[in-house]
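Next up is a structure, given as structure tokens.
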Amino acid sequence: MTIIDGKKVSAEVKAKVAEETAGLKKQGITPGLAVILVGDDPASRVYVNNKKKACELVGFKSEEYALPASASQEELLALVEELNNRSDINGILCQLPLPEGLDDSAVIEAISPLKDVDAFHKQNVGRIMIGDYDFLPCTPAGIMEMLHYYDISVDGKKCVVIGRSNIVGKPMAMLLLHENGTVTICHSHTKNLSEITSDADILVAAIGVPKFVKADMVKKGAVVIDVGMDRDEEGKLCGDVDFDDVKDKCSYITPVPGGVGPMTIATLMKNTLKACKLQNNL
Ligand code: GUN
């Protein structure tokens with residue numbers, strides 16, 4: 001069994017981004033990312049801090065816009081519009097979910113598709129469907145990058161994704177399909193879930209339920225990818241997979257923390273660099 005080291009792969013990706021960024025800076029171009037955080041969800045605060053730290057590390061300019069949970073939809077949309085019009089800001093990210101009363105999808109659609117480094121805008125989602133895209137969503141693309149790094153082929157494999165969110169489950173399934181996996185998406189209405197997951201060569205858990213995946217749901221020798229960022233009964237960070245229960249049954253597994261999370265951020269850096277290059281016709 002191999003524990004996939006997301007931190008290590010992420011560091012290598014970020015080092016490449018940093019190198020390219022240094023080259024751009026010599027031409028007088030600095031990639032810029034604007035991160036919008038509304039409200040005071042502690043998990044979102046941690047994610048946003050990590051994104052800002054990564055920007056610093058690779059040499060990007062980053063700007064944080066922290067709005068109170070009481071912010072109005074109009075305020076938020078006005079901010080997005082202002083950032084859309086700034087040439088020194090290449091990527092705009094609004095941390096989701098937004099507090100109650102604010103409309104996630106209206107904000108996503110307001111972000112210019114050229115600056116949509118999350119790849120959540122319907123124009124970018126559509127382009128991913130047909131395989132003609134500039135940006136891939138950060139978490140699924142980060143997972144693919146880890147699979148590539150460890151020479152894990154998807155071609156012809158049975159891939160099962162648990163979870164059907166727009167952020168992870170659905171695009172994850174699409175990226176696995178692009179690499180010729182045979183993909184099944186499971187969700188809360190799925191019947192005989194264990195039967196389906198037990199058949200998976202590659203199992204991706206993205207449901208948000210702590211330690212949901214147990215050994216009896218996993219095929220011997222499977223590759224297990226844990227997208228969860230949950231808290232167990234003691235308040236300790238854990239994933240959607242019961243790591244200790246599952247680890248001896250699989251060939252590869254991602255830990256939480258130190259697996260998927262760092263890769264999400266590394267992909268965000270890649271996307272922001274790409275947005276900057278595209279906007280500068282490079
Ligand atoms: N919330 C959970 N994951 C993500 C992500 O990748 N991007 C944004 N903007 N919000 C998220």
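One-based numbering, in listed order, for ligands and for the atoms of each. Everything quoted here is computed from the prediction, not taken from an experiment. Excluded from the calculations below are hydrogen atoms, water molecules and symmetry mates; all remaining heavy atoms, backbone and side chain alike, are included. Sequence positions, counted from 1, serve as the residue numbers for this chain.
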Any non-hydrogen atom of C138 lying under 4.0 Å from ligand 1?
no
Quick one: does M229 get a heavy atom under 4.0 Å from ligand 1?
no
Using distance alone, determine whether T139 and ligand 1 share an N or O pair under 3.5 Å.
no
I need the R45 CZ to L37 CG distance, nearest 0.5 Å.
5.0 Å
Of all protein heavy atoms, the one nearest atom 7 (N) of ligand 1 is D118 OD1, 3.1 Å
If we only count N/O pairs under 3.5 Å, is C94 in contact with ligand 1?
yes
Determine yes or no for a side-chain-to-main-chain donor-acceptor pair under 3.5 angstrom, with D240 supplying the side chain and I207 the backbone.
yes
Atom pair CZ/OG1 of F243 and T254 - distance to nearest 0.5 Å
8.5 Å
How long is the span from the CD1 atom in I4 to the CE atom in M146, to the nearest 0.5 Å?
6.0 Å
Ligand 1 to P97 polar contact by distance, N or O atoms, under 3.5 Å:
no
Distance to 0.1 Å, residue and atom name: give those for the protein heavy atom nearest to atom 3 (N) of ligand 1.
I167 CG2, 4.0 Å
Protein heavy-atom partner closest to atom 11 (C) of ligand 1 - residue, atom, separation in Å:
Q95 NE2, 3.4 Å
Is there a donor-acceptor pair closer than 3.5 Å between any side-chain N or O of K158 and the backbone N or O of D199?
no
Looking at R86 and D88, is there a salt bridge between them, counting it only when a charged N and a carboxylate O are closer than 4.0 Å?
yes
Out of D41, L268, L96, whose heavy atom sits nearest atom 10 (N) of ligand 1?
L96
CA sep, side-chain torsions, deciding dist, call: L102, V107, side chain to side chain contact (heavy atoms under 4.5 Å, CB included):
CA-CA 9 Å; L102 294 170; V107 176; 6.0 Å; no
Measuring from non-hydrogen atoms of F120 to any atom of ligand 1, is the shortest distance under 4.0 Å?
yes
